[in-house]
2 protein chains.
Amino acid sequence: MAAHSETNWLTEPEQRAWRAYLRGGRMLIEALDRGLAAHGLSLSEYEIISMLSEEDTRQMRMSELADLVVQSRSRLTHTATRLEKRGWVVREPCQGDRRGVLLTLTPTGAAKVEQIAPVHLDQVRAHLVDRLSAEQFATLGGAMENVMSGLDGFADSDGRAPNDRY
Amino acid sequence: MAAHSETNWLTEPEQRAWRAYLRGGRMLIEALDRGLAAHGLSLSEYEIISMLSEEDTRQMRMSELADLVVQSRSRLTHTATRLEKRGWVVREPCQGDRRGVLLTLTPTGAAKVEQIAPVHLDQVRAHLVDRLSAEQFATLGGAMENVMSGLDGFADSDGRAPNDRY
DNA sequence: CAAATAAGATTGAACTCTCAACTATTCCCA
DNA sequence: TGGGAATAGTTGAGAGTTCAATCTTATTTG
């Protein structure tokens, strides 16, 4: 057993796949972001109000939402403040836990989601779904679920890893 | 044929795959970014010097590099300036086209890439490659190549789409 | 060939995100 | 039950990114 730490480089096909993932992913996100920018919001802003719109109460705890959209709590705080200024969300106290804040979608915000959703969906189709076979897409989804489960709880919402508090 | 524009929502499994892609992708990038942050650089900075290190001349035109790593020219200009301050790259005039700039990896920069590459690779393996079957990973790569080719030339490096210049 | 247009890159101001520090509340347990 | 630790969220300053305008050099075309 070689005890030395020789680097196990990626194989040629692995290398290629990894590059495609990184570059293609960046291109996709950018395209979607620009698509939404034409309607006055960014992809991550859309994710936030869209997630809220799917709750039957139309509200969610800040930290829960931060985890869901993979943003730091601090970032969500700032973004929520901006969204609040635009009238799309409001903060409500969370009864039962006075530390908590419920970010709540306003009717205006809900209207915005409904207006944007079909547009955004078209772009997701055009750039992603329609470019893949059903099987490819399903495999992609499964793969990313694997990735997610491996990373679950990897870092908390403010960037400190679980084992960072020694 | 219904001429109305009713929204064709994603099917349940499509929805699930898309969400996994978005969330898993964000988690992955974030994990890799943090992994590199521990060594003093961000993922996108690493991408830049890593791409340069693979050229036999160890240099690349700004715009070509910007396209490769999917950053706007402006962003690359700023980032290159910061990398230059750290001594990892230098700008050189591009003979043959006096508009051009060749971003060039310094020996120090090359050393940094060599130092970081194995670390980064381990993280890519741990969070992505090792979590997927060979077939899943290959399919993922192929899928993202499809996405890439669909988006190729979709927007230039400063964010203006090809058909934006009317 | 001169004017117009395009391409390569930069600039600086506005905006967004990160990081560390901080307040407040709740949880744990001795 | 009280005090330490963990959780929820915010803050502000610094770092990074975007956007539109600008400058310079190449290329096109009338």
Side-chain angles (χ1 to χ4, degrees), chain A residues 26 29-30 33-34 36-38 40-45 47-48 60-67 69-86 89 91-103 153 155-166, chain B residues 26 29-30 33-34 36-38 40-48 59-86 89 91-103 153 155-162 164-166:
Chain A
R26 290 251 156 89
I29 295 300
E30 168 181 308
D33 220 349
R34 287 198 184 287
L36 288 173
L41 36 52
S42 68
L43 179 56
S44 42
E45 288 167 346
E47 286 180 75
I48 290 169
M60 208 182 295
R61 287 290 289 265
M62 290 292 280
S63 48
E64 195 189 343
L65 184 54
D67 287 350
V69 301
V70 195
Q71 294 190 14
S72 70
R73 288 167 195 226
S74 172
R75 179 176 174 185
L76 182 57
T77 291
H78 288 302
T79 305
T81 302
R82 291 189 303 261
L83 292 176
E84 207 168 14
K85 276 177 190 150
R86 293 195 236 171
V89 303
R91 277 176 236 249
E92 284 180 9
C94 174
Q95 77 295 41
D97 185 345
R98 280 183 304 176
R99 296 168 303 181
V101 166
L102 291 166
L103 197 64
D156 76 19
S157 341
D158 248 359
R160 249 164 298 287
N163 59 349
D164 218 38
R165 7 187 140 91
Y166 288 169
Chain B
R26 290 249 155 92
I29 294 299
E30 168 180 310
D33 221 350
R34 286 195 185 290
L36 287 174
L41 35 53
S42 69
L43 179 55
S44 42
E45 288 167 344
Y46 176 75
E47 286 181 75
I48 290 169
Q59 52 184 17
M60 207 183 295
R61 289 287 289 263
M62 290 292 281
S63 47
E64 194 189 344
L65 184 54
D67 287 350
L68 199 56
V69 301
V70 195
Q71 294 191 14
S72 71
R73 290 169 193 226
S74 172
R75 180 176 172 184
L76 181 58
T77 290
H78 288 302
T79 305
T81 302
R82 289 188 306 261
L83 293 177
E84 208 169 13
K85 276 177 190 150
R86 292 195 237 171
V89 302
R91 276 175 237 248
E92 285 181 9
C94 174
Q95 77 294 45
D97 186 345
R98 279 185 302 177
R99 296 167 302 180
V101 167
L102 290 168
L103 197 64
D156 77 19
S157 341
D158 247 1
R160 250 165 298 288
D164 217 37
R165 11 185 136 91
Y166 289 167

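Since we're looking at a predicted model, the values are computed, not measured. Each chain gets a letter, A, B and so on, in the order its sequence line appears, and its residues count up from 1.
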S.K.: Bend angle of the helix from dC1(C)-dG30(D) to dA30(C)-dT1(D) from five-pair axes at both ends, rounded to 10°?
M.R.: 30°
S.K.: Is any N or O donor-acceptor pair between the side chain of H78(A) and the base of dG12(D) shorter than 3.5 Å?
M.R.: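 Result: at least one qualifying N/O pair found.
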S.K.: How close or far is atom P of dA8(D) from atom CD of E64(A), stated in whole angstroms?
M.R.: 10 Å
S.K.: Is a side-chain N or O of E84(B) found less than 3.5 angstrom from the main chain of R91(B), in a donor-acceptor match?
M.R.: yes
S.K.: Identify whether any heavy atom of R82(B) sits under 4.0 Å from a base atom; if not, whether one sits that close to sugar-phosphate; answer base, sugar-phosphate or nothing.
M.R.: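 It contacts base atoms.
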S.K.: Separation of E45(B) atom CD from dC17(C) atom P, in whole Å?
M.R.: 18 Å
S.K.: Could you check K85(B) against T81(B) for side chain to side chain contact (heavy atoms under 4.5 Å, CB included), going step by step and ending with a plain yes or no?
M.R.: CA-CA 6 Å; K85(B) 276 177 190 150; T81(B) 302; 4.2 Å; yes
S.K.: Which residue lies toward the 5' end of DNA chain D, L102(A) or A37(A), if each is placed at its nearest nucleotide?
M.R.: L102(A)
S.K.: To the side chain of S72(B), which of dT18(D), dT10(C), dT11(D) is closest?
M.R.: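 So the nucleotide nearest the side chain must be dT18(D).
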S.K.: Which whole-number value in Å describes the distance from I29(B) CD1 to dC17(C) C1'?
M.R.: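 It is 16 Å, rounded to the nearest whole Å.
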S.K.: Starting from P on dC23(D), measure out to CZ on R98(B) and report it in whole angstrom.
M.R.: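 Taking CZ of R98(B) and P of dC23(D), I get 19 Å after rounding.
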S.K.: Rounded to whole Å, how long is the line connecting atom CG of D33(B) with atom P of dA15(D)?
M.R.: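 Those two atoms, CG and P, are 17 Å apart.
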S.K.: Residues two or more places apart in sequence or in another chain: which of them pass side chain to side chain contact (heavy atoms under 4.5 Å, CB included) with V70(B)?
M.R.: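 Result, side chain to side chain contact (heavy atoms under 4.5 Å, CB included) vs V70(B): R23(A), R26(A), M27(A), E30(A).
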S.K.: Any donor-acceptor pair under 3.5 Å between the side chain of S74(A) and the base of dT11(D)?
M.R.: yes
S.K.: Reading DNA chain D from 5' onward, which residue's closest nucleotide shows up sooner: G96(B) or S42(B)?
M.R.: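 Taking each residue's closest nucleotide, the earlier one in sequence belongs to S42(B).
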S.K.: Using a cut-off of 4.0 Å on non-hydrogen atoms, how would the nucleic acid contact of T81(A) be classed: base, sugar-phosphate, or nothing?
M.R.: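 If one applies the 4.0 Å heavy-atom cut-off, T81(A) turns out to touch nothing in the nucleic acid.
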S.K.: So, does the side chain of R75(B) form a donor-acceptor pair with the base of dT18(D) at under 3.5 Å?
M.R.: no
S.K.: Grab the CD-C1' distance between Q95(B) and dG8(C) for me, whole Å please.
M.R.: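 Between C1' of dG8(C) and CD of Q95(B): 15 Å.
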S.K.: For the pair made of CZ in R61(B) and P in dT25(D), what is the distance, rounded to whole Å?
M.R.: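 That distance rounds to 14 Å.
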S.K.: Would you tell me if any nitrogen or oxygen in the side chain of R73(B) comes within less than 4.0 Å of OP1 or OP2 on dT22(D)?
M.R.: no
S.K.: Counting only side-chain heavy atoms from C-beta out, which of dT25(D), dG9(D), dC19(D) sits nearest to V101(A)?
M.R.: dG9(D)
S.K.: Report the nucleotide, chosen from dT17(D), dA9(C), dG9(D), that has the shortest atom-to-atom distance to any side-chain atom of T79(B).
M.R.: dT17(D)
S.K.: Between atom CZ in R99(B) and atom P in dT5(C), what is the gap in whole Å?
M.R.: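 Those two atoms, CZ and P, are 17 Å apart.
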S.K.: Which nucleotide in the set dA9(C), dA8(D), dG8(C) lies at the smallest distance from any side-chain heavy atom of D97(B)?
M.R.: dG8(C)
S.K.: Do the non-hydrogen side-chain atoms of R73(A) and S63(A) ever get within less than 4.5 Å of each other?
M.R.: yes
S.K.: Measure the shortest side-chain to side-chain distance between R61(A) and L102(A) over non-hydrogen atoms and say whether it is less than 4.5 angstrom.
M.R.: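 Yes, at least one pair of side-chain atoms sits under 4.5 Å.
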